[in-house]
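Before any comments, here is the structure.
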Number of protein chains: 2
Amino acid sequence: MARLPLYLRALSALSERGVPTVSSEELAAAAGVNSAKLRKDLSYLGSYGTRGVGYDVEYLVYQISRELGLTQDWPVAIIGIGNLGHALANYGGFASRGFRVAALLDADRAVAGQRIAGMVVRHMDDLEQIVRDDHVSIGVITTPAPAAQGVCDRLVAAGITSILNFAPTVLSVPEGVDVRKVDLSIELQILAFHEQRKSAVDPAAPDLPAAAQPAASPAGGPAGDLPEVMPA
Amino acid sequence: MARLPLYLRALSALSERGVPTVSSEELAAAAGVNSAKLRKDLSYLGSYGTRGVGYDVEYLVYQISRELGLTQDWPVAIIGIGNLGHALANYGGFASRGFRVAALLDADRAVAGQRIAGMVVRHMDDLEQIVRDDHVSIGVITTPAPAAQGVCDRLVAAGITSILNFAPTVLSVPEGVDVRKVDLSIELQILAFHEQRKSAVDPAAPDLPAAAQPAASPAGGPAGDLPEVMPA
DNA sequence: AGGCTTTTGTGAACGTGTGCACAAAGCTGA
DNA sequence: TCAGCTTTGTGCACACGTTCACAAAAGCCT
């Protein structure tokens with residue numbers, strides 16, 4: 001389940017405060033979910049609670065860590081050392097939970113060779129060798145969108161089956177390869193959508209702005225030209 | 001719907017290539033979804049397709065942009081100018097679609113005053129004033145986790161009702177405020193989970209490691225001490 | 001020892017989202 | 001004008017995730 005990491009984080013916080021046991025109600029509140037859902041999720045791992053008492057925090061932390069595979073470490077390669085790749089390389093959150101940044105790669109030979117976060121950036125040419133030698137199991141793509149699919153293909157060909165994609169593209173991968181995507185502009189657009197709904201009292205935008213009539217569409221127009229219609 | 005931004009991106013790409021119309025089948029493939037689902041999503045906006053032909057690309061781009069509220073621009077404030085905040089400030093993906101970084105803020109007076117991405121970083125003390133004067137409608141939290149809830153509360157008090165949270169915490173907000181979260185380590189943990197499942201042939205970790213027996217738990221232990229059990 | 005309280009684990013109802021399949025609609029060409 | 005082809009829009013069934021509600025279990029207090 002995709003909620004286990006959330007529970008794990010809440011449990012870790014409790015653990016640091018020295019709390020020995022926690023009820024499903026408390027833990028659910030901390031994770032922001034329904035308590036019945038939480039119990040069902042945990043029961044999927046086995047019966048690790050004690051009725052009338054709750055769950056043993058330390059024990060549950062271990063069980064979830066094990067289920068998530070965090071008892072081993074996962075070497076991660078970051079491909080594309082631009083703004084975001086740079087930030088991720090320096091991000092402390094990786095190492096804290098079983099993830100280790102094993103390699104940084106970039107297609108630009110001016111970037112390759114630089115030291116970032118204590119590591120030397122390698123060139124894309126070495127991708128296959130690095131993946132093999134360092135047993136990299138997870139690839140993080142932080143390249144520009146046009147390069148993402150090509151990088152993805154090379155990662156898959158090199159044997160990687162888990163990819164975290166920050167590039168704003170839909171990656172196509174063969175069966176058996178997991179891709180998760182993080183897309184900032186999509187998140188913002190969803191927020192904008194809801195924000196607009198809240199202030200829906202304003203005069204609604206016209207359904208058929210002259211600039212966007214479907215009839216006689218310019219067809220070949222080099223586009224990018226969003227109609228600049230700005231409702232009042 | 002949360003898929004509209006995906007469609008919009010695919011449509012924009014088609015638009016740039018000068019494609020005049022597109023069928024639900026093609027667009028669905030580009031967005032990586034089922035064609036029936038796509039048609040249903042689009043029909044929710046109204047009947048903008050032509051049977052036997054497909055959808056007019058430019059027209060649909062406009063309709064979706066309007067639905068998402070992208071025909072107006074949304075001033076965004078980034079709070080917490082660390083690695084990630086720095087990267088986001090320089091990220092071009094914001095401006096490209098109706099979003100404008102209106103302000104950068106940080107609690108550290110050594111950071112406030114610096115110029116980043118052509119803007120002067122302001123101090124947190126000015127948050128309320130900045131939100132009011134610049135009509136900021138979306139707050140992006142890139143602070144460390146412990147500071148996130150406090151920042152969130154101040155944003156909400158200042159009148160912001162949409163928050164994009166990068167800090168690894170569950171934010172609690174009053175009714176009517178939308179929070180979306182982007183959590184790198186959760187994404188990685190989900191990948192690790194599936195990765196472990198794939199290689200599930202390895203000798204399973206023990207169910208009851210001595211280090212994590214629930215009986216006689218150390219209780220007050222200052223935790224953070226994940227059992228260091230590493231199966232084999 | 002036995003009843004009372006607390007809390008888990010889960011059966012069952014509910015709601016939502018997904019995908020199939022097909023009729024209606026529009027275009028094209030003769 | 002009309003037949004035939006293409007593609008949308010949607011009714012329907014299904015599967016999944018969510019939530020309620022409660023019985024069984026465990027601890028505690030008298």
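None of these values were measured; they are calculated from a predicted model. Computation of the quantities below employed the complete heavy-atom set of this structure, encompassing side-chain atoms and omitting hydrogens, waters and symmetry-equivalent molecules.
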Side-chain heavy atoms of Y44(A) within contact of E67(A), under 4.5 Å: yes
Boundaries of the chain A footprint along DNA chain C (any atom under 4.0 Å from a heavy atom): dT6(C) to dA12(C)
Validation row: R3(B), K37(B) side chains within 4.5 angstrom (heavy atoms): yes
Side-chain touch R180(B)/L191(A), heavy atoms, less than 4.5 angstrom: yes
Residues L45(A), L4(A); criterion side-chain contact (heavy atoms from CB on, under 4.5 Å); working and verdict: CA-CA 10 Å; L45(A) 307 183; L4(A) 287 180; 4.2 Å; yes
Distance in angstrom units between Y55(B) OH and dT7(D) P, rounded: 12 Å
Partner set under ring pair (Phe, Tyr, Trp, His ring centres under 6.0 Å) for Y91(B), not counting sequence neighbours: F94(B)
Side chain proximity check, L70(B) to Y62(B), heavy atoms < 4.5 angstrom: no
Donor + acceptor pair across side chains of R39(A), S24(A) (<3.5 Å): yes
Nucleotide dT10(D), atom C1' - distance to CG of L42(B) in whole Å: 14 Å
Closest listed nucleotide, where the reference is the side chain of T50(A) and the choices are dT7(D), dA24(D), dG27(D): dG27(D)
5'-most by nearest nucleotide on DNA chain D - M1(A) or G49(B): G49(B)
Interface with DNA chain D, restricted to residues 33-41 of chain B and to heavy atoms under 4.0 Å: R39(B), K40(B)
Nearest heavy atoms of I190(B) and A2(A), plus distance in Å: CD1-CB, 3.8 Å
